[in-house]
Student: 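The structure's right below; bear with me while I get my questions together.
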Amino acid sequence: MKPLLRFSVPLWTLLVFSASTRAQCISNCSTGTFNIISTTTTNVTFELKPNCSLTVGNIASGNGLITGLTPGAVYEIVLNCSHCCNVSQITTKPETVSLTVTNITTSSIFVNWTEPVGMSSFYKVQWTGGGRNVPVNVYETFYNITNLTAGVQYEITVTAVAGDNYTEGQSATVIKYTKPAVVKNLTFTGFTTTSVSINWTKPDGGVDWYIIQWNGTQQVSSRTNETFFTIPGLTPGTLYNISVAAASVNQSNAGDNSYISTFTKPAVVKNLTFTGFTTTSVSVNWTKPDGGVDWYIIQWNGTQQVSSRTNETFFTIPGLTPGTQYIISVAAAAVNQSNAGDNSYISTFTRPEKPGTISVTQGTNTLSISWILPRGNISYYQVNISNENLVFTNSSQTVATTTNFTYLKPGRLYNITVTAFAGNFWNTSDQVSFATVPKPPGSIILSRQSNSSLQLQWATPDEMIGAPDIIYSITYQAVGGPSQNTTSTQNNTLLSLLDSGTNYTVTVKTIGPGNLSSTVVQNSSFTLPNPVRNLIVSPESTTSLNVNWLNPLGVKSYYRYLVDTYNDTGGLIYSTNITDNSTSVLNLNPGTNYSVTVRTKAGEGSESTVEKAFNYTMPEPVANLTVETVTMTSITLTWSRQNDYKPSYSYLVIARQNGSEIKNDSTKNETYTLYNLTPGELYTFSVFTVIAGVKSTEENAQSYTIPEAVLNITAITTTTSLSVSWTLVTGKVSSYSVVLNSAGQLVNSTDVNNQTTNTVFVDLIPGVVDHQKWTL
């Protein structure tokens with residue numbers, strides 16, 4: 001039976017509301033009504049009155065039930081009652097669709113269905129939830145419901161509508177949740193070796209709980225109503241991929257996962273120990289901890305935190321500072337350094353550097369030791385000092401690079417070591433030896449001098465008796481001369497080949513180990529000067545002697561001469577010191593023997609050997625020397641004794657003629673006659689008092705011997721003149737004296753030379769010749 005599809009009255013309307021159709025009279029039947037009791041997808045049941053029948057196409061029913069219809073189809077129904085018929089249209093209900101959900105998202109649900117058997121014109125899709133209830137007519141067998149709220153329950157119905165565009169079939173209903181939204185801000189909040197803590201922000205939409213999954217060696221899941229979770233029971237150092245999904249109602253309705261990945265914190269390494277130490281490195285090893293480890297992070301803190309990493313279970317930390325304490329940590333790490341386990345700690349010092357460049361400031365009883373640490377640090381230094389000969393050891397601890405040792409013995413060699421300590425490590429310097437400064441010797445004593453040497457001696461320095469390897473350095477220098485040096489291992493020395501009478505400044509210092517010198521002791525002394533040469537003592541007067549000499553060999557400008565005068569009994573009567581090489585000794589007695597000594601003096605304590613000479617002072621001269629008797633050939637002298645007459649005196653008589661000595665004779669008498677003289681000759685006489693060859697000052701006298709008489713005198717006169725002539729005498733004549741007298745009065749006189757034999761007197765008075773005389 002073919003349905004009439006042109007009718008559009010929905011059958012379900014007729015059924016639900018029991019609407020009755022108004023009969024259309026198509027024949028001359030009486031008009032009537034009929035009621036439909038029920039309609040299904042293939043059957044229609046009518047309420048028939050007696051004597052009525054229904055006809056639907058070729059199907060007739062007298063009991064009001066029409067079967068075998070097509071779902072959702074429109075049929076024309078004829079009701080025949082008593083030759084009267086009513087015509088009406090009915091529609092069967094469409095079949096219920098087979099509704100399925102094929103895709104759910106956070107904001108949509110995609111539904112589809114199969115086209116039902118029979119007829120349907122479109123489908124009515126309707127959903128409730130999320131605050132919306134709006135039907136949608138769909139002409140396809142699917143529909144994507146959008147703009148939904150994530151994680152919310154929706155009841156979705158799909159109803160087929162029959163061909164009349166009105167009659168609806170039975171609705172197919174499905175209840176679904178939209179997929180919850182992805183959780184937000186999934187982050188880690190904590191790590192341990194066996195757990196990871198996370199939290200997140202609730203997503204938009206509905207959420208009933210959260211599903212947490214993680215895969216270590218196998219997938220594990222859990223759920224929570226909170227927005228945080230701690231995953232327990234994990235393996236240390238293991239990578240875990242963790243997902244969190246919001247879920248609604250049940251776990252199968254979960255939103256997309258939000259993923260986060262991490263490693264659990266690795267476990268603490270075991271048995272961390274040191275295996276080696278140098279000044280700049282430390283070696284450590286350890287045992288791998290339980291769980292996973294990708295590498296190990298080694299950290300150490302010297303002046304600043306430094307780290308490194310390794311895949312091995314051992315490591316050598318390089319580039320460290322010597323003598324420095326380091327706290328070293330080793331942590332197991334997984335994947336990256338930030339995912340490190342707890343540190344295992346160990347602490348040590350690096351070995352300190354060896355102290356070097358040890359220097360010293362030396363005193364007689366002290367050593368101030370300094371040194372340099374090439375680099376790095378120390379905990380402290382220990383400085384050891386020793387001397388085997390003294391059986392002496394001592395030590396000092398300090399944190400500075402210097403220390404002092406006191407109360408040491410002077411002039412000794414001490415062995416020094418400096419040990420740097422850092423923690424339990426140490427490093428000892430090479431041994432060095434330093435000496436204390438020796439003390440100076442005792443005062444210099446000049447025990448013996450000569451004109452070319454000085455003998456010196458001194459006392460052993462204080463606290464240095466028995467000190468080995470001690471010598472004395474002697475320096476000596478004359479004023480303005482070169483400095484000369486010598487050494488001695490004894491407490492004395494002889495300086496030789498020196499200049500005489502020279503002041504030498506002598507210094508002596510002690511030279512000890514290390515060629516260290518004490519302060520000097522000093523003294524000065526003159527070598528003995530040479531004695532004067534050719535000392536002569538000469539009579540100078542009756543009361544004085546003249547002393548003179550030649551300069552000594554090597555004479556110096558500063559020499560002085562000590563002159564001592566002794567009388568004939570040996571008594572010192574006069575002493576002087578002078579710088580000249582002559583002097584007069586005064587206030588002596590005439591004619592007395594004196595001895596004189598002269599010593600050269602260069603300085604205090606420096607005198608030459610004595611040179612000695614003696615002599616007499618001059619005796620007093622004779623007194624009253626007189627020419628007693630004169631003849632043509634002799635002259636007799638007399639004199640008186642002097643006041644200081646001594647029996648030892650004698651007299652020396654010297655006669656000179658024309659400056660030539662014609663007589664030199666001694667006598668003990670106070671008179672002396674010279675014979676065989678030349679007449680008319682002038683003689684000069686000197687008489688000396690003499691004692692031991694020393695003469696007094698001379699007393700002089702002179703006299704002519706009487707000349708011979710002039711012979712053959714003649715005179716020739718005029719009235720006013722007188723010419724006198726004579727013959728030259730044979731003796732010595734120096735001149736002739738012609739004297740003219742008249743009446744006993746001198747008229748005139750003249751001297752003429754010894755070769756003249758004539759002279760003339762003029763301007764005489766005439767007539768008095770008889771009364772005139774002349775004399776030759």
Student: Side chain of Thr92, backbone of Gly72: donor and acceptor closer than 3.5 Å?
Tutor: yes

Student: Side chains of Tyr123 and Tyr143, heavy atoms from C-beta outward: is any pair under 4.5 Å?
Tutor: no

Student: Verify, without hydrogens or angle tests, whether Thr96 (side chain) and Ala172 (backbone) share a donor-acceptor contact under 3.5 angstrom.
Tutor: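 Judged by distance alone, no pair lies under 3.5 Å.
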
Student: Measure up the Phe421 and Trp426 rings against each other and bin them: parallel (under 30°), tilted (30 to 60°), perpendicular (over 60°).
Tutor: tilted

Student: When you measure from the side chain of Tyr154 to the backbone of Ser108, do you find a donor-acceptor pair of N or O atoms at a distance under 3.5 Å?
Tutor: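 Flag not set: sc Tyr154 to bb Ser108 has no pair under 3.5 Å.
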
Student: Supply the atom-to-atom distance Leu234 CG to Leu239 CG, rounded to the nearest 0.5 angstrom.
Tutor: 11.0 Å

Student: Is Tyr381 reaching over with its side chain to a backbone N or O of Thr402, donor-acceptor style, under 3.5 angstrom?
Tutor: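 No; zero donor-acceptor contacts below 3.5 Å.
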
Student: I need the Asn43 CG to Leu69 CG distance, nearest 0.5 Å.
Tutor: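 One finds 6.5 Å between CG of Asn43 and CG of Leu69.
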
Student: Taking the side chain as every heavy atom from C-beta outward, state whether Val244 and Ile198 have any atom pair closer than 4.5 Å.
Tutor: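 With C-beta onward as the side chain, the pair touches.
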
Student: Are any non-hydrogen side-chain atoms of Tyr380 and Val399 less than 4.5 angstrom apart?
Tutor: yes

Student: Walk me through it: do Thr280 and Thr350 pass the test side-chain contact (heavy atoms from CB on, under 4.5 Å)?
Tutor: CA-CA 6 Å; Thr280 58; Thr350 47; over 6 Å; no

Student: When you compare the side chain of Leu148 with that of Trp127, does any pair of heavy atoms fall below 4.5 Å?
Tutor: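 In contact.
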
Student: Looking at Ser121 and Ala162, would you say the former's side chain and the latter's main chain have a donor-acceptor pair under 3.5 Å?
Tutor: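 Yes: the side chain of Ser121 pairs with the backbone of Ala162.
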
Student: Please identify which of these residues, Asn343, Asn301, Thr348, meets the side-chain contact (heavy atoms from CB on, under 4.5 Å) condition with Ile327.
Tutor: Asn301

Student: Can you tell me how far apart CD1 (Ile109) and NZ (Lys176) are? Round to the nearest 0.5 Å.
Tutor: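 So the gap between those two atoms works out to 8.5 Å.
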
Student: Side chains of Thr173 and Glu155: any donor to acceptor distance under 3.5 Å?
Tutor: no

Student: Do Tyr177 and Ile104 come within less than 4.5 Å of each other through their side chains, counting heavy atoms only?
Tutor: no

Student: Hey, what's the ring geometry for Phe110 with Phe142, parallel, tilted or perpendicular (30° and 60° as the breaks)?
Tutor: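 Parallel: the ring planes of Phe110 and Phe142 meet at under 30°.
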
Student: Determine, stepwise, if the pair Asn112 / Thr100 fulfils side-chain hydrogen bond (donor to acceptor under 3.5 Å, both in side chains).
Tutor: CA-CA 6 Å; Asn112 60 12; Thr100 59; 2.4 Å; yes

Student: Calculate, to the nearest 0.5 Å, the distance between atoms CG and OG1 belonging to Asn199 and Thr227 respectively.
Tutor: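 Reported value, rounded in 0.5 Å steps: 6.5 Å.
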
Student: Could you tell me whether a side-chain N or O of Thr201 sits under 3.5 Å from a main-chain N or O of Asn185, the two making a donor and an acceptor?
Tutor: no

Student: Where the side chain of Thr106 meets the backbone of Ala150, is there a donor-acceptor pair that is under 3.5 Å apart?
Tutor: no

Student: Are side-chain heavy atoms of Phe315 and Ser308 found at a separation under 4.5 Å?
Tutor: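 Yes, at least one pair of side-chain atoms sits under 4.5 Å.
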
Student: Given side chains that start at C-beta, do those of Thr264 and Val196 come closer than 4.5 Å, heavy atoms only?
Tutor: yes

Student: Measuring centre to centre across the rings, with the benzene-like ring taken for any Trp, is Phe425 within less than 6.0 Å of Phe277?
Tutor: yes

Student: If you measure from CE on Met119 to OG1 on Thr41, what distance do you get to the nearest 0.5 Å?
Tutor: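 Here the interatomic distance stands at 14.0 Å.
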
Student: Can you find a pair of side-chain heavy atoms, one from Pro71 and one from Thr42, that are under 4.5 Å apart?
Tutor: yes

Student: Heavy atoms only: give me the nearest Gly376-Leu373 pair and the separation to one decimal.
Tutor: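 Taking every non-hydrogen atom into account, O-CD2, 3.6 Å.
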
Student: Are more than 12 heavy atoms from other residues, nucleotides or ligands located less than 6.0 Å from atom NZ of Lys124?
Tutor: no

Student: Please check if the number of heavy atoms outside Gln382 that lie under 6.0 Å from its CD is greater than 12.
Tutor: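 Enclosed: over 12 neighbouring heavy atoms sit under 6.0 Å from CD of Gln382.
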
Student: Could you grab the distance from atom OG1 of Thr310 to atom CD1 of Ile317, nearest 0.5 Å is fine?
Tutor: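 Output value for this atom pair is 11.0 Å.
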
Student: Do Thr403 and Ser396 have side-chain N/O donor and acceptor atoms under 3.5 Å apart?
Tutor: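 The answer is yes; a qualifying pair exists.
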
Student: Between Thr417 and Gln431, does a side-chain contact (heavy atoms from CB on, under 4.5 Å) hold up when you go through it step by step?
Tutor: CA-CA 5 Å; Thr417 59; Gln431 180 176 288; 3.9 Å; yes

Student: Is Asp256 reaching over with its side chain to a backbone N or O of Val182, donor-acceptor style, under 3.5 angstrom?
Tutor: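 Between the backbone of Val182 and the side chain of Asp256 there is no qualifying donor-acceptor contact (under 3.5 Å).
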
